[in-house]
Number of protein chains: 2
Amino acid sequence: MSTRESVWLRGERPHRDRRLTREQIVGVTIGILDAEGREALSMRRVASGLGVSPGALYWYVTTKDHLMELALDAVLGEVLEGLQGAPGVPDWRSALSRIAGGSRAMFLRHPWVLADLATQPNLGPNALALADAGLEILADAGFADEDLDAALAAINDHVAGAVVAENAWRSVAARMGADGDDWTEQAGDYLKEIEERHPRLAARMAASGKIDIDQECARRFEFGLACLLDGLESRLP
Amino acid sequence: MSTRESVWLRGERPHRDRRLTREQIVGVTIGILDAEGREALSMRRVASGLGVSPGALYWYVTTKDHLMELALDAVLGEVLEGLQGAPGVPDWRSALSRIAGGSRAMFLRHPWVLADLATQPNLGPNALALADAGLEILADAGFADEDLDAALAAINDHVAGAVVAENAWRSVAARMGADGDDWTEQAGDYLKEIEERHPRLAARMAASGKIDIDQECARRFEFGLACLLDGLESRLP
DNA sequence: ACCTGAACACCGTTCAAGT
DNA sequence: ACCTGAACACCGTTCAAGT
């Protein structure tokens, strides 16, 4: 209970006649998370997806939290894979942009990851490899010591934060679109109130209603990233 | 189920002989979340904290999610309060820094808020007021239209991201410190592996072990924020 | 070694029935 | 109008017992 140790500190067990693999289990876990979201995930659901009784999972995985850690690291692996085949890149700015872009795409594919990252620290092998890749680029660029950590952290923060905002925007927009009149009727009063109290904010909200979300989110992401990279560049020793 | 509407679209009910208030309920909710974390929060726990049966809560609040929305907006209000009494500030950079710093402090007081923000969009009155305050500063500084949104988003992202990273660091450090030998024994093999595969990363981890976390996290936060503000400033029309 | 089935101690939410 | 008590349909996790 109090000592919540990580999956990565325990090896996988020896085996003889297993029907299941951790890989399989993690696979259907990710499938459920992607398709139905975090709330829909339960051990019982995973088990039934594998045609097995709930208790069986505990032979492969000590806890639901551990399973989540495994799922999280698996999707971080996707970012690394995307980096593998890609051609070399001239400068550190575009090298970092590529990692950031790949991470953003992954977060958009697996929205549940973000809440997970906010909940528990993440020390899986893919997470470490990804961090190391970022450090390499920044170290080659000339950053060292604490500035190295701070620079990488700043970029990671922006990526995660931008996707959180994007998802929030999307879900609100979906809600407005889906049940149309029904929604605006209920929300009408509240929107009126916003207009009175915060005309500036209301104007921005109204403006963003007429915009292509995909495009604007991508633009915002690049905008913030460029600001950050500019600031970093001017701090190079 | 599918249509998850927000608390803010429904008013509070009329009343006659209530024993409870939303305020009280939200109060003990925040208390539990602060003291024992998100997992420990249950309707039954809140009810018993108020000396009332679980079902009674549903007279005041339609759902646990709604209660969380209320709690979230309540703590966002703390940031606004912190802004009220403060003296005027010369430039837009320090005005924004003050909001960012206040938000960071709030996130550190209530770590559960971060996972919540990542999960559901947040349209409470305090959230809106806070956003408007940020917009005002940036608009006065000279930003407009989409750049205005993007600039505010970039700053918010940094604040949230930085605190997530800080919490992660803290929890790992606490784990290492608490059960000392027990932990390092288990983690030893894994750390060895990291050293082999990612020497650069291992070096950074080792270095950060000797550092004062509070101080370094504050430094990192300011570093990223300064980068961002520099980048923004150079993009002023 | 691996899996089933049943159980334990919890959940959120509903709803009759009381006051 | 407000609250209780009991119930429903779920959880995660454990563990004897089977193979």
Side-chain angles (χ1 to χ4, degrees), chain A residues 1-7 10-26 28-29 32-33 36-72 112 115-116 119-120, chain B residues 1-7 10-26 28-29 32-33 36-72 112 115-116 119-120:
Chain A
M1 200 96 255
S2 69
T3 308
R4 308 203 302 165
E5 37 114 28
S6 165
V7 223
R10 291 213 179 285
E12 208 171 349
R13 315 183 58 145
H15 53 289
R16 229 174 42 194
D17 30 56
R18 8 190 56 158
R19 292 182 211 171
L20 266 44
T21 334
R22 273 196 170 183
E23 257 182 75
Q24 283 176 58
I25 299 177
V26 172
V28 334
T29 300
I32 296 169
L33 287 167
E36 306 176 47
R38 185 157 223 244
E39 290 199 350
L41 185 76
S42 71
M43 289 292 154
R44 298 171 132 95
R45 184 103 174 53
V46 173
S48 89
L50 291 160
V52 104
S53 88
L57 297 179
Y58 289 85
W59 188 261
Y60 296 88
V61 139
T62 52
T63 223
K64 192 189 180 187
D65 280 343
H66 278 201
L67 179 53
M68 286 298 292
E69 280 193 271
L70 292 169
L72 199 164
W112 48 271
D116 221 54
T119 303
Q120 65 192 158
Chain B
M1 198 99 258
S2 68
T3 306
R4 308 204 302 164
E5 38 114 26
S6 166
V7 221
R10 291 213 179 285
E12 208 172 351
R13 316 182 58 144
H15 53 289
R16 226 172 45 190
D17 30 56
R18 9 189 56 155
R19 291 181 211 173
L20 265 44
T21 334
R22 274 196 171 182
E23 257 183 75
Q24 283 176 60
I25 299 176
V26 171
V28 334
T29 299
I32 296 170
L33 287 166
E36 306 175 47
R38 185 159 226 243
E39 291 200 349
L41 184 76
S42 70
M43 289 293 157
R44 296 168 133 96
R45 184 104 175 53
V46 173
S48 90
L50 290 161
V52 106
S53 90
L57 297 179
Y58 289 86
W59 188 261
Y60 297 88
V61 141
T62 52
T63 224
K64 193 190 182 188
D65 281 343
H66 279 201
L67 180 54
M68 287 296 294
E69 280 193 271
L70 292 169
L72 199 164
W112 48 272
D116 220 55
T119 301
Q120 62 191 160

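No hydrogens, no waters, no symmetry mates; every other heavy atom, side chains included, goes into these values. Below, chain A is the first sequence line, B the second, and so on; all start at residue 1.
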- Note on the structure: From CZ of B:Arg19 across to C1' of D:dA1 the rounded distance in Å is 11 Å
- Task: Do nucleotides 12-19 of chain C as a string where each nucleotide becomes B, S or -: B if the base has a protein heavy atom under 4.0 Å, S if just the sugar-phosphate does, - if no protein is that close.
- Result: BBB-----
- Query: Hey, what do you get for CD1 (B:Ile32) to CH2 (B:Trp112), rounding to the nearest 0.5 Å?
  - Reply: 11.5 Å
- Query: Counting only N and O atoms by type, is there a donor-acceptor contact under 3.5 Å from the side chain of B:Arg22 to the main-chain atoms of B:Tyr60?
  - Reply: yes
- In whole angstroms, the gap separating C1' of D:dC2 from CZ of B:Arg22 amounts to 16 Å
- Message: Can you tell me how far apart CG (A:Asp65) and CG (A:Asp116) are? Round to the nearest 0.5 Å.
- Response: 8.5 Å
- Does the side chain of B:Tyr60 get closer than 4.0 angstrom to OP1 or OP2 of D:dC2 through an N or O atom? no
- Query: Tell me: CG of A:Leu50 to P of C:dC3, nearest whole Å?
  - Reply: 10 Å
- Message: Could you measure the distance from the CG atom of A:Leu41 to the CD atom of A:Glu39? Nearest 0.5 Å is fine.
- Response: 11.0 Å
- Message: To the nearest 0.5 Å, what is the distance between CG on A:Leu50 and CG on A:Leu20?
- Response: 5.0 Å
- Query: Taking B:Ser42 for the side chain and B:Arg45 for the main chain, is one N or O donor matched with an acceptor at less than 3.5 Å?
  - Reply: yes
- Side chain of B:Arg38, backbone of B:Leu33: donor and acceptor closer than 3.5 Å? no
- Rounded to the nearest angstrom, tell me the gap between atom CH2 in A:Trp59 and atom C1' in C:dC3. 9 Å
- Got a minute to check which stems DNA chain D is part of, using Watson-Crick or G-U wobble pairs under 3.5 Å, three or more consecutive? C:4-8 with D:12-16, C:12-16 with D:4-8
- Task: Keeping to residues at least two apart or across chains, list the salt bridge (Lys or Arg N to Asp or Glu O under 4.0 Å) pairs with something in residues 46-61 of chain B.
- Result: none
